[in-house]
Chemist: 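Handing you this structure, nothing more for now.
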Amino acid sequence: MTDMKYLRLLAEKFPNRSAVRTEIINLKAILALPKATEFFLSDIHGEYDAFQYFVRSGSGMIRMRIDEVFGNILTESECDDLAALVYDPEAEMARREKSENDFDAWSKVAIRRLIAVCRIVSNKYTRSKVKKRLPDDYAYIMDELLFADDVPDRHKYYDQIIDTLIEYGAAREFICDISETIANMTVDRLHIIGDIFDRGPKSHVIMDYLMANRGVDIQWGNHDVLWMGAACGNRSCIATMIRINVRYNNFDMLEVGYGINLRPLASLAQEIYGDDPCEYFKPNVLETNRYDPIPPELAAKMHKMISIIQFKVEGQEIQAHPEYKLDHRNLLEAIDFKKGTVRVEGVEYPMRDMNLPTVDPADPYRLTEEEEEVMVALESSILNSEKLQRHINYMFSHGALYKVMNGNLFYHGCMIFNERGNFKTVEIDGQKLRGAAYLRKLDEMIRSARGKQPDGRTQAEAASIMWYLWLSEDSPLFGKDKMTTFERYFIEDKATHKEHTVPYYKLIEKEETANKILREFGLDPKTGRILNGHVPVKIIKGETPIKAGGKLFIIDGGISKAYHKTTGIAGYTAILTSKHMYLAEHKPYEPLKEDGTQVFHRPVMHLVHTAPERLMIRDTDNGAELRDQIKWLEALHDAFVSGSIREAY
């Protein structure tokens, strides 16, 4: 009965045998196409300009396609110029308008070359899918040019299309649209393996970009769940999120991008720390603010103010959740205000800053009345920020702690192992879990925090799990024994600043570890691969992103400007085609220069795997879904033949 109900619903879309046969033919033909390209990028950290360039360029894939078409025809420089036109058409055309004697003639050549590139990047798709991805204004024209035939008389027709575009001043717009189409066609699936937020100034712009594109999935990172917890109203997440972005001078993003009101924080900071230089809280200025330029002196005071508030609300969180076993991280109560010292892990250290007028030694985690007002203002701004809440809803709907796709596994941080190399058993929400079951439970708890709580708790209280995942040594998103934020601010001895990594990061040097992880998630160790972010790969120290005998790849090469000095590069991205897997090693992104020129560094492409046979769509998860659709369509066809369901014409 259930099957017949489904078939009757299916018949509303395919009302007769002819319609069913047409769709079956279409789906079976799609199964015979090569698997489309998957693109992996992690740890973007608000660096929108570099992120957009990596995606638009396909991390070097577009340049490779240009070589395929024009490698024996154009010079290296001409191929570079054509690639630059795809990456940033507006800037390249502005440059050409100044340098070309006949801009219209240049435009005609450029359009022909772009059409040729677009043909080759779209050859993995059906004509129907290509047409759906074409921009509305020029869909008909692009369709005609992309699927042009070689009949001699037809060339005049195609020439006339291009000539008319130029005659009516539409060449610039057409070039922008075809460049966008090439970028979209080059990458069919975009996997973001965590940490969209924090450090960089344009996380909100990255989110707008992702939401405007199809085929995106996200594996949450620790910075992502911090923002997700903040959007649910959790105070520890809110204070930490604000502290990080004040530290990195991201006032435009906070106040202009998301409408978060920082004035109460600024006013209280100026009042409390007016004469305090806040030496250890000076902001790390990676980019200047255009719309909300806060003086560095005030930013340092705000940084200190929100840090103290963070330590207080975290202390309250720790007291409310003894099951988190984080009592040892409550350090405000470990300060000796008479001696000017703090006791950390049994050792007494001198405090290098004892100006803490809002901390009551008798009740160190109580917020003052003014601090409470600041937190209420921040909570209100965040909970009522339409844009932030929309972005976080997208994070929930398109994200997960991990993803299994096409026989591979993607996650941001790590797996929780013990020193013996076995999955560690962790008690969470009254259950003792390990491995994949532990991650599934955490994913469930994160999602449940966003909805109405059946036990009477608020979303903010339920979202404490996200703060736990931010800094617990048992968090698969953190991967260290502790987060030493307090020590970095208040203790001179750098030995106390050290955060020790969990066993995972030593174990993944062994192939058997990757095999164990893959089996745990139901994957074949012979063919499966693991894509992992979170930890910047320090090339200048001889580190490599390839682990576990080529079965695990860490692709956080440090796209954030904050990491460039320690990594020596500007990020890794991974590309999975139907035949090959590449790691693209990037140099730091260079912004547009004042003279309108821009340098696009070609990434170093490392071929890390070649499949014995080209993967077709029939070999993928999508192929399995299509085969299931074919099965139901065949059942519907049989129902039409037998008369069990009446056909409509």
Side-chain angles (χ1 to χ4, degrees), residues 226 229-230 232-244 246 261-276 278 280-281 301-344 348-349 351-383 457-468 470-472 482-491:
L226 181 71
C232 292
N234 181 269
R235 283 192 162 192
S236 295
C237 291
I238 288 172
T240 306
M241 180 264 277
I242 296 296
R243 175 187 63 79
I244 291 170
V246 169
N261 181 13
L262 299 179
R263 298 307 169 187
L265 174 63
S267 298
L268 183 60
Q270 185 61 50
E271 176 186 338
I272 299 296
Y273 300 113
D275 298 326
D276 186 342
C278 299
Y280 305 107
F281 295 88
K301 293 174 173 57
M302 294 170 69
H303 186 188
K304 185 173 182 179
M305 187 82 254
I306 193 62
S307 297
I308 298 302
I309 291 175
Q310 175 191 323
F311 299 139
K312 287 186 175 185
V313 295
E314 283 186 330
Q316 296 172 16
E317 195 89 64
I318 291 169
Q319 291 173 344
H321 293 279
E323 72 274 16
Y324 291 167
K325 300 176 183 178
L326 288 167
D327 290 356
H328 61 290
R329 297 306 302 157
N330 264 350
L331 297 179
L332 290 182
E333 65 191 51
I335 298 173
D336 188 321
F337 283 82
K338 293 181 180 179
K339 295 169 63 177
T341 61
V342 61
R343 184 170 292 276
V344 180
E348 196 169 62
Y349 298 94
M351 291 272 288
R352 61 183 182 183
D353 182 349
M354 282 299 297
N355 185 25
L356 306 172
T358 65
V359 179
D360 179 0
D363 192 2
Y365 304 113
R366 179 182 59 83
L367 294 177
T368 67
E369 185 176 336
E370 295 78 12
E371 288 172 330
E372 178 66 27
E373 291 174 357
V374 167
M375 282 305 301
V376 169
L378 291 173
E379 286 172 336
S380 177
S381 289
I382 288 170
L383 293 175
R457 292 187 301 168
T458 64
Q459 272 194 16
E461 291 169 330
S464 67
I465 186 62
M466 296 180 229
W467 174 76
Y468 169 84
W470 165 249
L471 48 53
S472 169
K482 58 187 172 183
M483 188 172 287
T484 59
T485 306
F486 181 94
E487 290 91 328
R488 290 169 187 267
Y489 288 140
F490 291 106
I491 301 176

Chemist: Mind running side chain to side chain contact (heavy atoms under 4.5 Å, CB included) on M305 and V374 for me, showing each step along the way?
Modeler: CA-CA 10 Å; M305 187 82 254; V374 167; 5.9 Å; no
Chemist: The criterion is side chain to side chain donor-acceptor pair (under 3.5 Å); which residues satisfy it with E373, sequence neighbours excluded?
Modeler: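 Checked E373 against side chain to side chain donor-acceptor pair (under 3.5 Å); zero matches.
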Chemist: Residues in salt bridge (charged side-chain N to carboxylate O under 4.0 Å, His left out) with E487, at least two apart?
Modeler: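 Per chain and number, E487 pairs via salt bridge (charged side-chain N to carboxylate O under 4.0 Å, His left out) with R329.
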Chemist: Where is the tightest heavy-atom contact between A463 and C232, given as atom of each residue plus distance?
Modeler: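 Closest heavy-atom pair between A463 and C232: CB-CB, 3.7 Å.
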Chemist: Name all residues meeting the side chain to side chain donor-acceptor pair (under 3.5 Å) criterion together with D336; count only those two or more places apart in sequence or in a different chain, and write none if there are none.
Modeler: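 Side chain to side chain donor-acceptor pair (under 3.5 Å) check on D336 returns nothing, list empty.
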Chemist: Please report the closest heavy-atom contact between Y349 and I491, naming both atoms and the distance.
Modeler: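 Looking at all heavy atoms of both residues, the shortest contact is CB-CG2, 3.9 Å.
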Chemist: When rounded to the nearest 0.5 angstrom, what is the spacing between OG1 in T484 and CG in L471?
Modeler: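 It comes to 11.0 Å.
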Chemist: Test of understanding: with side chain to side chain donor-acceptor pair (under 3.5 Å), list the residues that count as partners of R343, not counting sequence neighbours.
Modeler: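 So R343 forms no side chain to side chain donor-acceptor pair (under 3.5 Å) with any residue.
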Chemist: State which residues pass salt bridge (charged side-chain N to carboxylate O under 4.0 Å, His left out) with E372; sequence neighbours excluded, sorted by chain then number.
Modeler: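 With sequence neighbours excluded, E372 shows a salt bridge (charged side-chain N to carboxylate O under 4.0 Å, His left out) to R235, given in chain and number order.
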Chemist: M354 and side chain to side chain contact (heavy atoms under 4.5 Å, CB included): which partner among T341, V342, I335, V359?
Modeler: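 Result: among T341, V342, I335, V359, I335 is the only option passing the side chain to side chain contact (heavy atoms under 4.5 Å, CB included) with M354.
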Chemist: How far apart are the closest heavy atoms of A230 and M241, and which atoms are they?
Modeler: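 Looks like CB-CE, 3.9 Å.
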Chemist: So does E461 get a backbone contact from the side chain of S464, meaning a donor-acceptor N/O pair under 3.5 Å?
Modeler: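 Side chain of S464 to backbone of E461, a donor-acceptor pair under 3.5 Å: yes, one is there.
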Chemist: Heavy atoms only: give me the nearest C278-K304 pair and the separation to one decimal.
Modeler: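 Residues C278 and K304, closest heavy atoms: SG-CD, 3.8 Å.
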Chemist: Going through the checks in order, is the side chain to side chain contact (heavy atoms under 4.5 Å, CB included) test met by E271 and S267?
Modeler: CA-CA 6 Å; E271 176 186 338; S267 298; over 6 Å; no
Chemist: Got a sec, which residues hit side chain to side chain donor-acceptor pair (under 3.5 Å) with R243, two or more places apart in sequence or on another chain?
Modeler: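 Once residues adjacent in sequence are excluded, the partners of R243 under the side chain to side chain donor-acceptor pair (under 3.5 Å) criterion are Q310, Y489.
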Chemist: Supply the atom-to-atom distance N261 CG to S380 OG, rounded to the nearest 0.5 angstrom.
Modeler: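 Answer rounded to 0.5 Å: 8.5 Å.
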Chemist: If you measure from OG on S236 to CD on E317, what distance do you get to the nearest 0.5 Å?
Modeler: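 So the OG of S236 and the CD of E317 are separated by 4.0 Å.
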Chemist: Only counting residues at least two apart or in another chain, list the ones meeting side-chain contact (heavy atoms from CB on, under 4.5 Å) with A462.
Modeler: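 Applying side-chain contact (heavy atoms from CB on, under 4.5 Å) to A462 gives A449, Q453, R457.
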Chemist: Quick one: list whatever passes side-chain contact (heavy atoms from CB on, under 4.5 Å) with P357, sequence neighbours left out.
Modeler: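 Listed in chain order: I272, Y273, N355.
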Chemist: Go through T240 and E314 one step at a time and tell me if the side chain to side chain contact (heavy atoms under 4.5 Å, CB included) criterion holds.
Modeler: CA-CA 9 Å; T240 306; E314 283 186 330; 3.7 Å; yes
Chemist: Measure from the side-chain N and O atoms of Y280 to the backbone N and O of R488, and report whether any donor-acceptor pair falls under 3.5 Å.
Modeler: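 Flag not set: sc Y280 to bb R488 has no pair under 3.5 Å.
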Chemist: Quick check for you: to the nearest 0.5 Å, what is the distance between D353 atom CG and M351 atom CE?
Modeler: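 The CE atom of M351 is 6.5 Å from CG of D353, to the nearest 0.5 Å.
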Chemist: Between W467 and N234, which heavy-atom pair has the shortest distance, and what is it?
Modeler: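 Answer, listing the atom of W467 first, then N234: CB-OD1, 4.0 Å.
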Chemist: How would you list, by chain and number, every residue that makes a salt bridge (charged side-chain N to carboxylate O under 4.0 Å, His left out) with E371, sequence neighbours excluded?
Modeler: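 Only K312 meet the salt bridge (charged side-chain N to carboxylate O under 4.0 Å, His left out) criterion with E371.
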Chemist: From I244 CD1 over to I306 CD1, what is the distance, rounded to the nearest 0.5 angstrom?
Modeler: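 Answer rounded to 0.5 Å: 11.0 Å.
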Chemist: Within the structure provided, determine whether L356 and F337 are in side-chain contact (heavy-atom separation under 4.5 Å).
Modeler: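 Touching, per the 4.5 Å side-chain cut-off.
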Chemist: Could you list the residues that satisfy salt bridge (charged side-chain N to carboxylate O under 4.0 Å, His left out) with D360, not counting sequence neighbours?
Modeler: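 Applying salt bridge (charged side-chain N to carboxylate O under 4.0 Å, His left out) to D360 gives R366.
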Chemist: Once ring pair (Phe, Tyr, Trp, His ring centres under 6.0 Å) is applied, do any residues pair with Y324, and if so which ones, sequence neighbours excluded?
Modeler: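 For Y324, the residues satisfying ring pair (Phe, Tyr, Trp, His ring centres under 6.0 Å) (neighbours in sequence not counted) are H321, Y468.
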Chemist: Could you tell me the separation between the CD1 atom of I242 and the CE atom of M375, rounded to the nearest 0.5 Å?
Modeler: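 The CD1 atom of I242 sits 8.5 Å away from the CE atom of M375.
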Chemist: For F486, enumerate each residue passing the ring pair (Phe, Tyr, Trp, His ring centres under 6.0 Å) test, keeping only those at least two apart in sequence or located in another chain.
Modeler: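 Ring pair (Phe, Tyr, Trp, His ring centres under 6.0 Å) check on F486 returns F311, F490.
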